[in-house]
Amino acid sequence: MGILNIRQFYEPEAEDLPVPARYYPDSLVELTRTARFTEDEIKRIYRGFKAECPTGIVKEETFKGIYSQFFPLGASSGQYAHYVFNSIDLDRNGSLSFEEFVANLSILLRGTVDEKLQWTFSLYDINGDGCITKEEMKEIVTAIYELMGKVPEGCEEEQAIKEKVERLFEKMDRNCDGMITLDEFIECCTKDESIRRSIAVFDTIF
């Protein structure tokens with residue numbers, strides 16, 4: 001989704017709204033300073049955001065509903081959307097504020113390669129402990145298969161996922177300790193463009 005195309009964001013029924021019912025960003029000036037958008041861009045993004053999210057916040061179930069609109073009928077985007085939401089919801093309060101939305105949009109649209117890779121690492125690092133395990137990578141890869149409409153129910157799909165995870169770990173896990181650190185992740189993705197393309201999610205979040 002482009003910078004100004006936020007029309008997919010909508011808000012659930014009143015009984016589902018968090019408390020308080022309205023949220024306002026502290027300062028658009030501060031957002032302009034910290035994000036990579038001009039003040040006019042921030043204002044235009046905010047108007048679009050508020051038009052579809054009158055409360056100024058997005059809950060996970062709402063986010064999943066929005067996310068599903070980007071993919072073909074039959075694709076299962078719920079699990080992948082959950083992981084994306086988890087990586088954006090930095091304070092883990094179950095909702096996204098406008099500041100969180102803009103901060104991540106800024107990285108994915110205008111961040112450096114390293115910043116984008118750090119964001120991608122946080123997506124794969126599901127529990128946030130600073131390392132990616134094979135199980136975490138398998139969960140994300142499985143979610144990607146579901147996202148593309150390839151439900152991994154058969155032995156063939158399961159084997160394909162397992163082989164992909166093994167290939168990624170073979171290249172990324174430099175010290176063979178069964179975990180991928182941020183340094184290992186960035187080093188491998190920086191040196192190997194095919195790996196970077198295979199794990200890139202820069203254009204699939206918004």
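Nearest heavy-atom pair across Cys188 and Met172 is SG-CG, 3.6 Å. Of all heavy-atom pairs spanning Thr32 and Thr38, the tightest one is CG2-C, 4.0 Å. Considering every non-hydrogen atom in both Leu31 and Glu99, the closest pair reads CD2-CG, 3.7 Å. The two residues Phe169 and Gly178 come nearest to each other via the heavy atoms CE2-O, 3.5 Å. Heavy atoms only, all atoms of each residue included: Ser87 and Ser122 are closest at CB-OG, 3.9 Å. Taking both residues in full, the closest heavy atoms of Ile195 and Cys189 are given as CG2-SG, 4.2 Å, listed atom of the first, atom of the second, then distance.
Here Lys64 pairs with Glu61 in a salt bridge; the nearest charged N to carboxylate O distance falls below 4.0 Å. Checked for salt-bridge contact, Lys43 and Glu39 meet the test: a charged N lies under 4.0 Å from a carboxylate O. One finds no salt bridge joining Arg36 and Glu41 here, because no Lys/Arg side-chain nitrogen approaches an Asp/Glu carboxylate oxygen to under 4.0 Å. The residues Lys171 and Glu184 are annotated as not salt-bridged, no charged nitrogen and carboxylate oxygen being separated by less than 4.0 angstrom.
When side chains are defined from C-beta on, Gln118 counts as touching Leu182, because their heavy atoms get closer than 4.5 Å. Residues Ile180 and Met137 have side chains in contact (heavy-atom distance under 4.5 Å, counting atoms from C-beta outward). Side-chain contact between Phe37 and Arg110: present, with at least one pair of heavy atoms (C-beta onward) separated by less than 4.5 Å.
Around atom CD of Glu163, more than 12 heavy atoms belonging to other residues, nucleotides or ligands sit under 6.0 Å away.
Here Leu96 contributes atom CG and Phe85 contributes atom CZ; the two are 4.0 Å apart, rounded to the nearest 0.5 Å. Separation of atoms CD1 (Ile161) and NZ (Lys164) is listed at 10.0 Å; rounding is to 0.5 Å. The distance from atom CZ of Phe101 to atom CD1 of Ile57, rounded to the nearest 0.5 Å, is 14.5 Å. The CZ atom of Arg47 lies 10.5 Å from the CD1 atom of Ile45; values are rounded to the nearest 0.5 Å. Remark: Asn104 CG to Ile88 CD1 distance equals 4.5 Å, nearest 0.5 Å. Distance check: Asn93 CG to Glu100 CD gives 6.0 Å after rounding to the nearest 0.5 Å.
Asn86 contributes a side-chain N or O that, together with a main-chain N or O of Ile126, makes up a donor-acceptor pair within less than 3.5 Å. A donor-acceptor pair under 3.5 Å is absent between the side-chain atoms of Asp40 and the main chain of Arg44, judged by distance alone. The main-chain N or O of Val58 is never found under 3.5 Å from a side-chain atom of Thr62 such that the two would form a donor-acceptor pair.
The side chain to side chain donor-acceptor pair (under 3.5 Å) search around Asp183 returns none, not counting sequence neighbours.
Between Glu115 and the choices Thr120, Leu108, Ile107, the side-chain contact (heavy atoms from CB on, under 4.5 Å) rule is met once, by Ile107.
Placement of Leu123 and Leu90 in two distinct hydrophobic clusters is found when ILVMFWY residues are connected by side-chain heavy-atom separations under 4.5 Å, directly or transitively. Hydrophobic cluster membership is shared by Ile140 and Ile186, with clusters built from Ile, Leu, Val, Met, Phe, Trp and Tyr side chains linked at under 4.5 angstrom.
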Worked verdict on Leu168 versus Tyr124 for side-chain contact (heavy atoms from CB on, under 4.5 Å):
CA-CA 12 Å; Leu168 289 171; Tyr124 281 78; 5.6 Å; no

Give the intermediate values and the outcome of side-chain contact (heavy atoms from CB on, under 4.5 Å) for residues Phe63 and Val84.
CA-CA 9 Å; Phe63 184 84; Val84 171; 3.8 Å; yes

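Phe121 and Phe185 have perpendicular rings, their planes meeting at more than 60° on a 0 to 90° scale where under 30° would count as parallel.
Among pairs with a residue in residues 117-141, those fulfilling salt bridge (Lys or Arg N to Asp or Glu O under 4.0 Å) read Lys134-Glu166, at least two apart in sequence or across chains.
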